[in-house]
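So the structure is just underneath, and the comments pick up after that.
We're numbering straight along the sequence, starting at 1.
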Amino acid sequence: MRDPEGDDFDDDAESAKTRVTHPRGQKVLGSVLAQGGCLVVIYTSDPTQLGKRFVLVNPTRIGRGEENQIVLEGDSVSRRHCVIEERNDTWWCADQRSTNGTYVNDERVVSERKLENGDRMKIGSNILKYFAGDDVEALYHEEIYRMTIIDALTGAYLKRYLLEHLEKEMGRARRHERDLSLMMFDLDHFKRINDERGHVTGDHVLKEVARLVLGRLRPSDVLARYGGEEFAVVLPETSLEAARTVAEGLRASIESASFEFQGERIPVTISCGLTLFTKTDKSAPDMIQRADERLYAAKRGGRNRVE
C-alpha cells in the first residue's frame with residue numbers, strides 16, 4: 001500500500017523556431033569563458049539548439065532582429081527584447097520594452113537586474129542560464145548532463161529517463177511481488193490556452209502545474225514530462241486504489257488552484273489515466289500504452305476526471 005505521507009487530443013506543437021548565433025567575432029574557448037560570463041540555451045522550441053553557449057560581450061543584445069548579438073526567432077520574442085551590459089565586472093540584464101517581458105528566475109525584469117551565477121533568463125519560450133566565475137567550464141558540462149534527464153521548463157524528468165526508470169521499477173516489482181502503478185495525465189484544452197493567451201502563458205501554466213504535482217509526491221515517486229502537455233507519474237509500492245486516491249487529489253488540487261500570469265487567472269484542469277503493473281508487462285511501453293488508453297477514456301468521458 002502507499003505511504004500517505006510520502007482538450008483536443010492533438011499534441012500542442014510550437015511552430016516558432018529558435019536560432020541562436022555566437023556573438024559576432026567571439027570564439028567559444030574555455031580560457032575566454034573563464035574571464036567573463038556566458039549564456040547557455042537550456043530550453044527552446046528547437047531541440048538542435050539545446051546546449052548552445054555564447055560568451056558575453058559588452059553589450060550583448062538579444063532579440064528577434066538580425067542586428068542583435070544573440071538572435072532568437074519566435075512570435076513571443078520582441079525584435080529588441082533585452083540587453084546585457086557589464087558594469088564594474090558585473091553583468092546586468094535590462095528589458096527593452098519587450099511585449100512579453102524578460103524574466104530572471106521567474107521574476108519579471110521591470111527595468112534592469114543584476115545577474116548572479118546560475119540565474120535563469122526566460123525570453124519568450126526560451127530559457128538561457130547564466131554562468132560566471134573560474135569554474136564556468138565545469139558548470140557548463142554539468143548543465144549539459146542535467147539537460148539529458150531534466151526538462152528545464154518544468155523540472156520534471158524527460159521521457160528518456162522515464163523509460164529507463166520505469167523499466168527498473170518493473171523489474172523490482174516483478175522480483176519482490178510488489179505493487180507498481182503508473183499515472184498518465186495531461187492538461188485539458190491546453191492548445192486553447194496557447195492559441196488564446198500565447199505560448200509564454202502556456203509555458204507558465206505547465207511549470208506551475210508541475211510544481212504543484214511535485215509538491216504532493218513522495219521522494220520515491222517520479223514525475224516526467226512525456227511530451228507537450230502530457231506527464232507521467234511512476235508510483236512504486238502503490239496499489240491501484242491508492243493511486244486513484246493520489247490522482248483524485250492532484251486533479252482536485254489543480255482544479256482549485258489559482259494559476260495567474262501577468263494579472264490574469266487561467267483555469268486549469270487535468271485528465272488522468274491509471275494502470276497497475278502485471279507480470280504480463282514485458283516493457284515500459286506496455287504500461288504506458290495502457291495508462292494512455294485510460295487517459296483518453298477520461299477525455300472522452302468529459303475531461304477533468306480519473307479513469
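Taking a cutoff of 4.0 Å between a charged side-chain nitrogen and a carboxylate oxygen, Glu164 and Lys168 do not qualify as a salt bridge. Salt-bridge annotation for Arg192 and Asp195: absent, with no side-chain N of the basic residue lying under 4.0 Å from a carboxylate O of the acidic one. We find that Arg61 and Glu67 are not joined by a salt bridge, their nearest charged nitrogen and carboxylate oxygen being 4.0 Å or further apart. Salt-bridge formation is detected for the pair Arg290/Asp281: a Lys NZ or Arg NE/NH1/NH2 atom is positioned less than 4.0 Å from an Asp or Glu carboxylate oxygen. Salt-bridge annotation for Glu169 and Arg172: present, with a side-chain N of the basic residue lying under 4.0 Å from a carboxylate O of the acidic one.
Judged purely by atom type and a 3.5 angstrom limit, Arg225 has no side-chain atom pairing as donor or acceptor with the backbone of Leu158. Listed for the Ser271 side chain is a donor-acceptor partner under 3.5 Å among the backbone atoms of Asn304. Side-chain atoms of Ser98 come within 3.5 Å of backbone atoms of Gly101 as a donor-acceptor pair (strictly under, hydrogens ignored). At distances below 3.5 Å, not a single donor-acceptor pair connects side-chain atoms of Thr60 with backbone N or O atoms of Leu56. The backbone N or O of Thr154 sits less than 3.5 Å from a side-chain atom of Asp151, completing a donor-acceptor pair.
Sequence neighbours left out, the pairs with a member in residues 259-269 that pass side-chain hydrogen bond (donor to acceptor under 3.5 Å, both in side chains) are Tyr103-Gln262, Asp188-Thr269, Arg197-Glu264, Ser258-Glu260. Among residues at least two apart or in separate chains, ring-ring contact (aromatic ring centres under 6.0 Å, His included) pairs with a member in residues 208-232 are Phe185-Phe231.
Phe54 and Val83 sit in two unconnected hydrophobic clusters of ILVMFWY residues. Membership requires side-chain heavy atoms under 4.5 Å apart, directly or through other members. Val55 and Trp92 are not part of a single hydrophobic cluster, where members link through side-chain heavy atoms under 4.5 Å apart.
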Exercise answer: donor-acceptor pairs, residues 205-213 side-chain atoms, under 3.5 Å, sequence neighbours excluded:
residue : atom : partner : partner atom : Å
Glu208  : OE2  : Arg211  : NH1          : 3.4
Arg211  : NH2  : Asp106  : OD2          : 3.4

Indicate every side-chain donor-acceptor pair of residues 108-119 with a distance under 3.5 Å to a residue at least two apart or in another chain.
residue : atom : partner : partner atom : Å
Glu112  : OE1  : Arg87   : NH1          : 3.3
Glu112  : OE1  : Arg87   : NH2          : 2.8
Glu112  : OE2  : Arg87   : NH1          : 3.2
Arg113  : NH1  : Val104  : O            : 3.4
Arg113  : NH1  : Glu107  : OE1          : 3.0
Asn117  : OD1  : Ala132  : N            : 3.0
Asn117  : ND2  : Ala132  : O            : 3.3
Asp119  : OD1  : Asn105  : ND2          : 2.9
Asp119  : OD2  : Glu116  : N            : 2.7

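Counting only heavy atoms from C-beta outward, the side chains of Met147 and Leu50 approach each other to under 4.5 Å.
Among residues two or more places apart in sequence or in another chain, the salt bridge (Lys or Arg N to Asp or Glu O under 4.0 Å) test is passed with Arg146 by none. Taking the side chain to side chain donor-acceptor pair (under 3.5 Å) definition, one finds that Arg160 meets it with nothing, sequence neighbours left out.
Using a 3.5 Å distance cut-off with no hydrogens or angles, the side chains of Asn58 and Glu85 do not pair a donor with an acceptor. Side chain to side chain, Arg216 and Ser253 meet the donor-acceptor criterion of an N or O pair below 3.5 Å. Between the side chains of Asn100 and Ser76, no donor N or O sits under 3.5 Å from an acceptor N or O. No hydrogens or angles considered: nothing links the side chains of Arg178 and Thr238 as a donor-acceptor pair under 3.5 Å. Counting only N and O atoms by type, the side chains of Arg80 and Asn68 include no donor and acceptor under 3.5 Å apart.
Stacking of Arg53 on the aromatic ring of Tyr140 is recorded, both the 6.0 Å distance cut-off and the 45° axial limit being met.
Within 6.0 Å of atom CD in Glu142, 12 or fewer heavy atoms from other residues, nucleotides or ligands are found, so the atom counts as exposed in its surroundings.
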